[in-house]
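Report on the structure given below.
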Amino acid sequence: MTLTSGNPTADRRFEIAMQLRERGDEQAALELMGQTLELVPAWPEGRFVLAEMLAAAGQSQAATVAFEAYLAIDPGDSMGAAAKLAALGLAPVRSLSPAYVERLFDQYAKRFDKALVEGLKYNAPKQIRDALSAHFPGRRFARCLDLGCGTGLMGAAIRDLVTTLVGVDLSAGMLAEAKSKNIYDELAHSSLQEALTRERVSVDLILAADVLVYVGDLAPVMMAVATALQPGGLLAFTLQVSTEAEFRLGADQRFSHNEGYVTDGVSAAGLNLMTLTHSSFRQERKIDVPGLLIVAAISA
Ligand SMILES: C[S@@+](CC[C@H](N)C(=O)[O-])C[C@H]1O[C@@H](n2cnc3c(N)ncnc32)[C@H](O)[C@@H]1O
């Protein structure tokens, strides 16, 4: 990604600061970065890079202040300062900003399928499809919401069981890939939370394959799912599993959730747990990442 401040002198200073950083001259790079921001104090990307450099130099307090200065300029947090602060152990984080998730996946969209399926052996869509077929043999669905549909891997796996398939995603780049595959009847550029509140007792299947790992607190999502589902409707989703309390954001910028926290959230929303399977849906550095597959139903 090429960053530009809109000020040629500042851009030149920034470029040299990056070269100094690459050469390992951290102190000189930091000084020049400071001088760059004197010219363009409200340049969000510059503020963010300065904060990252301070964190890399072990100056935690200064890094925290710098990330906060960035957040003051870009409250939508499109570069993911909250996630960085959490990964550095500088502040807990309960959610990722939609602007950050969108930016992350817009950058990833073109190479997503190859990277996930070939590189990380991603197979959550197949495991969700198999779980539904095993526990509800022969069942078909009238209207399905595929939350965080991405490029459509989940949609492709479920298409033949669904009459109207609706994909929802924050990332326009991912949606463009999904559209090109011609799998969905409707695609919505929206957060899953907003999409769920638009549906009122109108869907009989809700899927979330590898998407709730970008949502920390699941309680509001479970409540919204319960209001969107028709009687007897199903929710199927995958998560990364953690033994820590409730949920935590890892260095991989994905949340993992505690099993008890998740099952409590499912029942608090009035959903009945149908199956819970410990499995792995992807690898990280060739090691299986432990996960959970859950299917829940609302009473008929
Ligand atoms: C790892 S991909 C999984 C895509 C797809 N479900 C699959 O199985 O291939 C996660 C997707 O969720 C989307 N996403 C993350 N948080 C979201 C949210 N709060 N609302 C809507 N989409 C979200 C991302 O943009 C991304 O496309």
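Atoms within a ligand are numbered from 1 in the order they appear, just like the ligands themselves.
Across all their heavy atoms, A172 and D106 have their closest contact at N-OD1, 3.3 Å.
Among R103, E45, E102, the one residue that satisfies the side-chain contact (heavy atoms from CB on, under 4.5 Å) test with S78 is R103.
Protein residues having a heavy atom under 4.0 Å from any atom of ligand 1 are V101, F105, F112, Y122, P125, G148, C149, G150, L153, D169, L170, S171, M174, S190, S191, L192, Q193, A209, D210, V211, Y214, listed by chain and number.
Looking at Y70 and D77, their side chains come closer than 4.5 Å, going by heavy atoms from C-beta outward.
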For residues 173-185, which side-chain donor-acceptor pairs fall under 3.5 Å, sequence neighbours excluded?
unit_1, atom_1, unit_2, atom_2, d
E177, OE2, K110, NZ, 3.0
S180, OG, E177, O, 2.6
K181, NZ, D113, OD2, 2.6
K181, NZ, T151, O, 2.8
Y184, OH, D146, OD2, 2.6
Y184, OH, G155, N, 3.3
D185, OD2, R159, NH1, 3.0
D185, OD2, R159, NH2, 3.3
D185, OD2, L165, N, 2.6

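Using a 4.0 Å cut-off between charged nitrogen and carboxylate oxygen, D288 and K121 do not count as a salt-bridge pair.
The aromatic rings of H257 and F247 sit tilted relative to each other, their planes meeting at an angle between 30° and 60°.
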